[in-house]
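Letters A, B, ... are given to chains in the order of the sequence lines, protein chains preceding strands, and every chain is numbered from 1. These numbers come from the heavy atoms of this one structure, side chains and all, not from hydrogens, waters or symmetry mates. Computed from a predicted model, the values in this text were never measured in an experiment.
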Amino acid sequence: MICRKLPYWSGVGRLVDEQVRCGVRLGLCCLFKKEEISFKTITARTLLNLAAADRPYRLSAVCAANADSLLQAVKAVQRLGIGAFRIMSPLFPRMTHPDVGYRLADLPDGQRIEELLDEVRKWSLSHDIRLSFHPDQFVVLSSPHAAVVANSIRELEYQGWLAEMVGADVINIHGGGVYGDKQGALERFRRVFPTLSPRVRSRLAIENDDNSYTVRDLLPLAERLEIPLVYDVHHHRCLPDGLSVVEATRLAGATWQATGREQYCHISSPRAGWQGGNPKPHADYIDPDDVPACWQGMTMTVDIEAKAKELAVLRLMRDLAEAEMTASGAADPEPVWAGTR
DNA sequence: GCATGTCAAGTTGTG
DNA sequence: CACAACTTGACATGC
């Protein structure tokens with residue numbers, strides 16, 4: 001657990017000798033701005049307009065391209081010194097769609113796609129790139145509507161399968177709707193949880209949102225289910241709950257410690273600033289002042305939710321490194337980023 | 001080519 | 001009541 005020589009804000013904690021990573025690692029969400037890596041999609045309508053026999057070929061091309069892009073993505077992330085990557089939910093588009101859903105085994109290139117996923121897993125493991133998923137807003141385990149919950153479970157199982165394939169350790173979701181009765185909604189969430197497969201349960205995390213569920217609301221559920229709580233400090237600032245940032249960081253951190261894993265947090269900056277009206281929309285970049293001072297030196301993953309994507313992660317890494325150098329004066333003779341080029 | 005509406009899905013708050 | 005906001009583009013269509 002020696003990290004004297006490593007910068008606090010190292011991207012990956014590029015450990016050469018030590019086995020134990022430490023410091024904050026910054027994560028990229030889903031997409032790239034400048035790097036020429038993109039993901040394809042296909043709509044249900046397009047598939048339904050094709051003859052059923054043609055669909056697997058079309059899907060296979062999309063999925064193979066995306067699996068390849070994912071491998072390129074984790075390699076790019078590693079090259080840039082970024083330490084984590086959130087995988088976009090529709091990596092295999094429409095896979096759980098009721099009408100046009102499919103399995104990899106149905107696709108002509110299914111085996112090759114599986115091999116690519118295995119390459120992603122091996123690369124990420126050997127280069128310490130942490131992978132995660134963040135199912136979108138349609139996944140609502142607290143819904144009173146059975147059909148919504150059933151769709152949510154199906155989507156979660158898809159992501160759980162994929163997470164296992166690529167070695168991702170986090171599937172992070174929100175509490176969902178309130179329906180006029182927050183405790184009742186949380187209770188529904190609690191009851192659905194045991195019906196999930198082990199590979200989903202072991203990866204599921206719950207995140208405070210900017211609308212309904214705060215850290216304070218979710219902590220009892222996280223503790224009861226023994227799942228970790230992803231702390232989104234931007235959401236917390238948009239929807240305060242009486243806890244300080246320091247307290248929320250510590251309480252959320254304890255849920256990660258309880259599962260023996262590295263803490264996971266999110267950050268973003270308001271597009272129009274904190275004085276400019278609605279603070280919820282995300283800015284292109286992160287204002288370093290929005291980064292909690294108490295996070296410095298902590299061993300955690302912080303996903304950067306910013307529209308400039310990898311450019312925002314790189315800029316924040318630079319800004320924080322500079323701030324640290326300034327703060328420490330000439331104490332550290334080595335340039336902070338020497339190890340990450 | 002380029003502009004524009006549409007993508008499977010939920011829920012809440014605002015104007 | 002329509003629409004934006006949430007991890008966000010990218011596809012499909014029509015000019």
| Expressed as a whole number of Å, how far does the P atom of B/dA8 sit from that of C/dT13? | 12 Å
| query | Other hydrophobic cluster members with A/F138, side-chain heavy atoms of Ile/Leu/Val/Met/Phe/Trp/Tyr under 4.5 Å, chained? | reply | none
| query | Within this structure, what is the CG-to-C1' distance between A/D136 and B/dA8, rounded to whole angstrom? | reply | 10 Å
| said: For the backbone of A/T249 and the side chain of A/Q263, can you confirm whether one donor and one acceptor N or O come within less than 3.5 Å of each other? | reply: yes
| query | Among residues 45-59 of chain A, which contact DNA chain C at a heavy-atom distance under 4.0 Å? | reply | A/T46, A/R58
| How is the base pairing of DNA chain B summarised as a dot-bracket string, given the Watson-Crick and G-U wobble criteria with both distances under 3.5 Å, [ ] for crossing and | for another strand? | |||||||..||||||
Distances under 3.5 Å between protein N/O atoms and the N/O atoms of nucleotides 11-15 of chain B, please, pair by pair.
unit_1 : atom_1 : unit_2 : atom_2 : d
B/dT11 : OP1    : A/S143 : OG     : 2.9
B/dT11 : OP1    : A/Y179 : OH     : 2.3
B/dT12 : OP1    : A/V178 : N      : 2.7
B/dT12 : OP1    : A/Y179 : N      : 2.8
B/dT12 : O4'    : A/N211 : ND2    : 3.4

| Residue-phosphate contact under 4.0 Å: A/K307 side-chain N/O, C/dT8 OP1/OP2 | yes
| said: Taking any heavy-atom pair under 4.0 Å as a contact, classify A/Q137: base, sugar-phosphate, or nothing. | reply: base
| request: For nucleotides B/dA3 and C/dT8, find the distance between their P atoms and express it as a whole number of Å. | output: 23 Å
| field | A/F138 ring over B/dA9 six-membered base ring, under 5.5 Å and 30° | value | yes
| query | So what does A/H266 hit on the nucleic acid, given a heavy-atom distance under 4.0 Å: a base, only sugar-phosphate, or nothing? | reply | nothing
| remark: Numerically ordered, the residues 89-102 of chain A set in heavy-atom contact under 4.0 Å with DNA chain B is A/R94, A/T96, A/H97, A/P98
| request: Go through the structure and list residues passing side chain to side chain contact (heavy atoms under 4.5 Å, CB included) with A/L221, not counting sequence neighbours. | output: A/L186, A/F189, A/R190, A/I206, A/L225
| request: Using the closest heavy atom to pick a nucleotide of DNA chain C for each, name whichever of A/T41 or A/L31 lands nearer the 5' end. | output: A/L31
